[in-house]
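Below: one structure, written as structure tokens.
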Amino acid sequence: MKILPQEHALLIEQAIRVAQAAGDLPPFDIPPVRVKPADNAELGDYASPIAMQLAGLARRSPLQVAESIVQHMPAAPFVGSVEIAKPGFINFRLNPDWLKHQTEAILAEGDALFTMDIGRGKRAQVEFVSANPTGPLHIGRTRGAVLGDSIARLLEAVGYEVEREYYFNNAGRQMEMLGRTLRARYLQALGHSEPLPEEGYAGEYLKDIAEALVAEVGDTWQHEDWPVFKEHAEQVIFGWIRNSLLRLGVRHDVFFNENSLYETGAVWKTLEALRRSGYAYDAPVWEGADEEERRKAQAAGAGDAVWFRSSELGDEKDRVMVKASGEPTYTLPDIAYHANKFDRGFDLMVNVLGADHGTQYKTVQRGLQALGYDPSRLHVIIHQMVRIYRGGELIKGSTRAGDVIPLDDVMDEVGTDSVRYFLLARSANTDVDFDLDLAVAQNNENPVYYIQNAHVRCAGIFRMAAQRDIDDAGADLSLLGEPEMAFLRQVLRMGEVLTYAVEELAPHQVAFFAGETARLFHPMYDSVRVFHSEVPEDVARARLRFYRAARLVFRRLLALMGMSAPEVM
RNA sequence: GUCCCUAUAGCUCAGUGGAUAGAGCGUUGCCCUCCGGAGGCAGAGGCCCAGGUUCGAGUCCUGGUAGGGACGCCA
């Protein structure tokens with residue numbers, strides 16, 4: 001399918017060149033030509049303000065420039081008419097005949113509708129979720145899952161070969177706490193009065209794992225230490241996370257274990273590289289520390305840590321990479337991990353993170369810079385928080401406190417399609433208030449049903465067509481009317497919406513477009529009937545052909561959002 | 001204190017430097033025998049404040065104000 005703003009822009013560029021060659025316009029470098037869908041249908045379908053932009057360069061009035069451009073505009077099958085409007089706009093109207101026949105073009109593309117080759121031959125990587133296996137997946141992480149997977153689907157739609165990656169850490173202090181907590185829960189389940197470790201995980205889910213463990217191994221583990229329990233907890237919890245993601249329609253191609261960076265020595269190689277470039281040094285406190293910080297560190301008896309001189313790259317202070325104990329903080333392996341990503345040679349890298357990791361990624365970017373990589377090649381999408389409401393009440397919680405609602409419970413309650421839609425339909429930059437009551441509502445307050453119902457209605461038409469044995473192949477599409485054309489105009493905008501959504505890595509654009517398209521569909525469906533006593537058979541066949549294309553459009557949109565396209569509801 | 005995000009209709013949100021700023025819910029009035037009423041039509045109603053850049057600013061810049069988040073030798 002054509003991406004119409006681009007097609008129109010090409011025509012304008014050619015027209016300007018021809019006008020310049022003919023001496024109608026003075027020579028100048030042509031700036032990028034912007035063409036947008038016109039906001040007022042009475043003015044046209046697509047519009048460009050290029051003449052206003054060029055007025056200065058051409059040293060003529062915008063209207064004169066527009067006239068010169070329009071005079072030299074080459075013909076194109078999709079252009080019906082070109083007009084000039086007051087301040088200097090060039091307005092295009094689509095050729096109605098061409099528009100009606102786009103029905104066949106849509107059907108010819110099938111489920112690959114609006115697949116593009118922008119990313120042909122290029123490899124993209126999307127890293128998302130990346131939750132450590134310390135508890136069930138909660139709603140905040142789920143937003144990252146939905147965003148990351150939707151971005152991956154979009155990249156695939158424009159032709160990239162996409163790898164989905166999950167980075168995790170199953171070592172370190174947090175995992176030790178997990179093991180120790182499970183051990184305590186296990187002993188409690190056996191009837192011992194074992195206290196939970198300080199800063200342990202209070203969540204109920206570890207009780208569940210402990211009880212299942214008792215049922216499985218009895219009391220044979222009571223003399224085991226925490227590593228055995230950590231191993232078990234990790235296995236069970238990772239199983240939960242994978243299952244939750246699977247239910248949500250999210251799969252990862254690569255699970256990257258932080259530990260492998262130690263096994264290959266990458267972590268220490270990274271540190272050496274940073275030392276060589278002068279970005280690492282040993283000291284008890286960072287170089288820019290004030291008196292108070294120094295006193296505190298001395299009082300605490302701090303030994304030499306290895307610091308990352310990030311303040312030289314715009315940070316407010318330097319960061320510890322290796323603690324005095326010799327153990328690295330997350331900073332060092334994270335930098336090593338991203339260096340590894342860069343070395344794998346992706347053309348495009350996307351990292352989806354929650355707002356609570358906003359500071360962390362900056363340190364990683366500075367680390368990459370210090371190593372000589374170009375950090376702008378890594379696109380970081382930081383999404384804001386998700387708040388869950390039930391009955392108008394905010395539900396709060398953290399994994400540690402354990403009073404969080406696991407994703408599985410939310411999916412049980414509202415269904416996976418609703419979870420995906422509500423987490424997708426907002427720009428990543430804004431908070432999401434997830435209203436469980438609304439998401440579960442089976443009425444038109446719930447946009448999920450509104451969009452899916454458009455597909456259901458199309459499917460209904462074809463059930464009826466099968467009964468009546470009507471065939472739409474070869475239908476005369478010139479019999480389509482204005483309402484159908486309005487719908488086709490909207491559908492043809494899909495190319496530019498997808499292009500823009502990919503450029504901005506903003507998949508919520510797709511959700512909005514789907515909603516808009518459904519809003520255009522339902523009134524039309526009401527008036528444009530296929531099976532009606534007053535509709536002649538040839539018109540009925542043309543409309544049937546049209547609804548076949550409409551069904552495909554909704555199926556494609558829902559697929560891009562990772563949602564199902566139901567036949568009945 | 002520093003950094004990040006946000007501020008658009010009564011509410012929840014779109015809006016890519018261009019024309020008269022869009023949708024859903026709510027609200028007011030109305031319509032609909034027929035492909036599933038989980039419907040449709042119409043109306044009222046809005047860019048936080050002050051500067052700046054631009055032929056043109058909801059959009060870009062600076063400074064405020066208000067709300068959310070992050071600022072560990074935790075990950």
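Note on naming: letters A, B, ... go to the chains in the order of the sequence lines (proteins, then strands), and numbering restarts at 1 for each one. Predicted, not measured: the structure shown is a model, and the values here were computed from it.
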Legend entry - Closest nucleotide among B:rG68, B:rA19, B:rC74 to the A:N91 side chain: B:rA19
Inset, instruction - Flag the pair A:F434 / A:Y389 as yes when their ring centroid distance falls below 6.0 Å, and as no otherwise. - result: no
Would you list the protein and nucleotides 15-17 of chain B atom pairs, both N or O, that sit under 3.5 Å from each other?
{"unit_1": "B:rG15", "atom_1": "OP1", "unit_2": "A:H508", "atom_2": "NE2", "d": "3.0"}
{"unit_1": "B:rG15", "atom_1": "OP1", "unit_2": "A:Q509", "atom_2": "NE2", "d": "3.0"}
{"unit_1": "B:rU16", "atom_1": "O4'", "unit_2": "A:Y500", "atom_2": "OH", "d": "3.0"}
{"unit_1": "B:rU16", "atom_1": "O2'", "unit_2": "A:R34", "atom_2": "NH2", "d": "3.2"}
{"unit_1": "B:rU16", "atom_1": "O2'", "unit_2": "A:K36", "atom_2": "NZ", "d": "3.3"}

Legend entry - Residue A:P523, side-chain heavy atoms: nucleotide from B:rC41, B:rA23, B:rC35 that is nearest: B:rC41
Legend entry - Aromatic contact, A:F554 with A:F521 (centres under 6.0 Å): yes
Inset, instruction - Could you list the residues that satisfy side chain to side chain contact (heavy atoms under 4.5 Å, CB included) with A:V502, not counting sequence neighbours? - result: A:L154, A:L155, A:V158
Legend entry - For A:K36, salt bridge (charged side-chain N to carboxylate O under 4.0 Å, His left out) partners two or more places apart: none
Inset, instruction - With sequence neighbours excluded, give me every side chain to side chain donor-acceptor pair (under 3.5 Å) pair touching residues 536-553 of chain A. - result: A:E104-A:R545, A:D472-A:R545, A:D472-A:R548
Inset, instruction - Only counting residues at least two apart or in another chain, list the ones meeting side chain to side chain contact (heavy atoms under 4.5 Å, CB included) with A:L43. - result: A:N40, A:N91
Legend entry - Selection from B:rA19, B:rC13, B:rG36 that lies nearest to any side-chain heavy atom of A:D433: B:rC13
Inset, instruction - With sequence neighbours left out, write down each residue that passes side chain to side chain contact (heavy atoms under 4.5 Å, CB included) with A:V456, or none if nothing qualifies. - result: A:N453, A:P566, A:M569
Legend entry - Nucleotide B:rC4, atom P - distance to OH of A:Y361 in whole Å: 9 Å
Legend entry - A:F308: partners by ring pair (Phe, Tyr, Trp, His ring centres under 6.0 Å), with sequence neighbours left out: none
Legend entry - From B:rG40, B:rC13, B:rC35, nucleotide with atom closest to A:Y525 side chain: B:rC35
Atom pairs, N/O to N/O, protein against nucleotides 70-73 of chain B, distance under 3.5 Å?
{"unit_1": "B:rA70", "atom_1": "O2'", "unit_2": "A:T359", "atom_2": "OG1", "d": "2.7"}
{"unit_1": "B:rC73", "atom_1": "O2", "unit_2": "A:A324", "atom_2": "N", "d": "3.1"}
{"unit_1": "B:rC73", "atom_1": "N4", "unit_2": "A:P284", "atom_2": "O", "d": "2.7"}
{"unit_1": "B:rC73", "atom_1": "N4", "unit_2": "A:G303", "atom_2": "O", "d": "3.1"}

Inset, instruction - For B:rA38, take OP1 and OP2 only and decide whether either is under 4.0 Å from a side-chain N or O of A:N453. - result: no
Legend entry - Side chain of A:Q384 - closest among B:rC35, B:rG18, B:rG68: B:rG68
Inset, instruction - Would you mind telling me which of B:rC35, B:rG40, B:rU20 lies closest to the side-chain atoms of A:N40? - result: B:rU20
Inset, instruction - Among the candidates B:rA75, B:rG36, B:rG24, find the nucleotide nearest to the side-chain atoms of A:R519. - result: B:rG24
Legend entry - N/O (side chain, A:Y449) to phosphate O (OP1/OP2, B:rG36) under 4.0 Å: no
Legend entry - Partner residues of A:R143 under the side chain to side chain donor-acceptor pair (under 3.5 Å) criterion, sequence neighbours left out: none
Inset, instruction - Give every residue pair that meets the side chain to side chain donor-acceptor pair (under 3.5 Å) criterion with at least one member in residues 299-310 of chain A, sequence neighbours excluded. - result: A:E287-A:R309, A:S310-A:D315
Inset, instruction - Have a look at A:Y547 and say if it touches a base, only the backbone sugar-phosphate, or nothing, with a 4.0 Å heavy-atom cut-off. - result: base
Inset, instruction - Output all residues satisfying side chain to side chain contact (heavy atoms under 4.5 Å, CB included) with A:P227, sequence neighbours left out; order by chain, then residue number. - result: A:D225
Inset, instruction - Return one dot-bracket line describing RNA chain B 5' to 3' (Watson-Crick or G-U wobble pairs, both distances under 3.5 Å; ( ) same strand, [ ] crossing, | another strand, . none). - result: (((((((..((((....[...)))).((((((....).)))))....(((((..]....))))))))))))....
